[in-house]
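To start, the structure itself, in structure tokens.
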Amino acid sequence: MRMTPKRDEQGSMIIALTVIMVLGALAVTVTARTLSGQDSARRNQEFSGALGVADAGVSDALFRVDQLGNGAPPATFCVGGSVNCTVQSLPGSVAAQYVATKIDDFHVRVRSKGLVNGVPHAVEAILVRDQLYPFALFGDASLTFNGSSNGTIYSVDASGATVTTPSADAGSNGSITCNSNSHPASHHIVYPGGSSNCPDRIDLTGSYKPKDPVVGCPAPVNTPPTPCVPPTAQACPAVSGVIPAVLNPGQYLCTSTISFGPTFQVGTPSSPANGGVVEIFVIPPAGSTADVYFNGSDLNVNPVGNIEGDPTKFRVYLAGHGIVDPGNGSNAGRWVGIIYAPSSDMTSNGCKADWRGALTFHTATCNGGPNLRVRYDSRVAALTQQNWSVHDYREIPSTQVVLP
């Protein structure tokens, strides 16, 4: 009789226990990974939520400086009472904290941190109030300086004295060319795609795209803001194309070529309109062009009847591809005011014109020197947009948000 071998029950038990232990270890690993994943997912969710809280801090700082209007931010523009002022919490977001630092009258740095369940997330942004006329001379397509004209674009204060700040810069989205040892400006600024062979060249990121003035407000959003003609603008005051020698403050719309000369000044009525500013818009019909001429020798275009007048009180805006003619040689004149003609060309032969204020053209060419003189007035540099905006936003380590 054949006998069947008896099963090794002890060996089977060992195998079973081993399998159970392996399965248990796998279960523990899976559970640990699941819990770790849930914790990681929760932490990522809290980190993302903290970003929204940090953004609320930037928005609060932007709101605060916007309330200043055109005024420069004082050192105490937010809670804290110093240049580095802090906000520990916000009414709608108690977990937001930020430090706002005044850089200058046009820039405020904000470093903001949000906390969600102890998880921080921080950001930095620069609040900027853009200048309306940041350049002494701007040629959207090109600036060309022929002849030896060195250091003849410079800044002055209200009295006419030379100052080092604000910087008197020449700028372009295209080319800036300095020929025959000509380098008249403090800095030659070019934007992406632009070029310059001038000394003191500076390449800027971002953009500065002046647009032609338009009829009807509000104007399209742009930097700089597009000048616009309100419905209340008065008819063109020119007689046979010539602007009167004295013109009271207000906004005027012309649709054809105008000229100034031999003198001009802004009137001073007892109750001046338009903030005491004369604004002349020259906007020709579609398909047409218009020009602006200065006639006569020793032309003085100024707002208060003297050469050291306030250039912010007189502004001419020209639309379309026209010509701005300052006169040539000994007939070149003196201008105190703002000329904004981003699609028009200006060529000065002899380049003896004396400009004080800010000039914007499509192209500007100076032939001859060292007669060129452009004086960038500090009062023009102080003209800014009403509202502030957020620039250079980026995420930063939360340790960089240090509350005093």
Side-chain angles (χ1 to χ4, degrees), residues 35-132 134 165-167 187 189 191-192 202-208 221 223-225 381-382 384-404:
L35 293 175
S36 175
Q38 289 177 344
D39 182 67
S40 178
R42 183 174 61 253
R43 186 174 180 83
N44 287 338
Q45 185 177 21
E46 291 166 344
F47 185 70
S48 297
L51 176 61
V53 177
D55 288 343
V58 174
S59 297
D60 183 76
L62 180 63
F63 172 78
R64 289 173 187 262
V65 296
D66 258 341
Q67 304 314 300
L68 299 170
N70 285 329
T76 56
F77 77 93
C78 71
V79 177
S82 64
V83 174
N84 289 329
C85 49
T86 66
V87 171
Q88 299 283 354
S89 65
L90 306 180
S93 183
V94 295
Q97 301 175 331
Y98 69 82
V99 179
T101 304
K102 176 182 173 180
I103 300 173
D104 56 35
D105 288 349
F106 309 112
H107 301 84
V108 172
R109 178 186 292 108
V110 178
R111 288 180 175 171
S112 178
K113 177 171 64 178
L115 287 169
V116 173
N117 293 330
V119 178
H121 203 154
V123 298
E124 178 183 89
I126 305 297
L127 308 184
V128 178
R129 186 174 55 189
D130 291 316
Q131 294 171 271
L132 297 181
T165 55
S167 176
H187 303 103
I189 310 294
Y191 287 93
I202 297 177
D203 296 298
L204 290 188
T205 58
S207 63
Y208 184 78
V221 176
T223 300
T384 59
Q385 296 190 52
Q386 175 74 23
N387 296 326
W388 293 68
S389 58
V390 176
H391 290 231
D392 300 326
Y393 173 93
R394 65 188 182 97
E395 296 179 43
I396 60 174
S398 60
T399 53
Q400 291 187 12
V401 183
V402 180
L403 302 179

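Start at 1 with the first residue, then count along the sequence.
- Between Leu115 and Val53 the shortest side-chain heavy-atom distance does not fall below 4.5 Å.
- Here the shortest heavy-atom pairing between Ala125 and Val58 reads CB-CG1, 4.2 Å.
- There is no side-chain donor-acceptor pair under 3.5 Å between Arg109 and Thr101.
- Using a 4.5 Å heavy-atom cutoff, the side chains of Glu395 and His121 are in contact.
- Contact detail for Pro192 and Leu204: the closest heavy-atom pair is CD-O, 3.0 Å.
- A donor-acceptor contact under 3.5 angstrom links the side chains of Asp55 and Tyr393, judged on distance only.
- Contact detail for Val401 and Arg111: the closest heavy-atom pair is CG1-O, 3.7 Å.
- When all heavy atoms of Pro224 and Leu132 are compared, the pair lying nearest together is CB-O, 3.8 Å.
- Checked by atom type, the side-chain pair His187/Ser167 shows a donor-acceptor distance below 3.5 Å.
- Put simply, the side chain of Gln131 gets close to the backbone of Ala381: a donor and an acceptor are under 3.5 Å apart.
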**Q.** Derivation and outcome, side chain to side chain contact (heavy atoms under 4.5 Å, CB included), residues Val99 and Val110
**A.** CA-CA 6 Å; Val99 179; Val110 178; over 6 Å; no

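- With rounding to the nearest 0.5 angstrom, the CG atom of Asp392 is 6.0 Å from the CD1 atom of Ile126.
- How far OG1 of Thr205 is from OH of Tyr191: 9.0 Å, rounded to the nearest 0.5 Å.
- A donor-acceptor pair under 3.5 Å is absent between the side-chain atoms of His391 and the main chain of Val128, judged by distance alone.
- In plain terms, the two heavy atoms of Trp388 and Arg129 that are nearest each other are CE3-N, 3.5 Å.
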(Q) As a quick check of understanding, evaluate side chain to side chain donor-acceptor pair (under 3.5 Å) for Tyr208 and Asp130, giving each step before the final call. (A) CA-CA 10 Å; Tyr208 184 78; Asp130 291 316; over 6 Å; no

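- At a threshold of 4.5 Å between non-hydrogen side-chain atoms, the residues Val390 and Leu62 count as touching.
- Closest approach of Ala122 and Ser398 over heavy atoms only: CB-CA, 3.5 Å.
- Ser112 contributes a side-chain N or O that, together with a main-chain N or O of Ala54, makes up a donor-acceptor pair within less than 3.5 Å.
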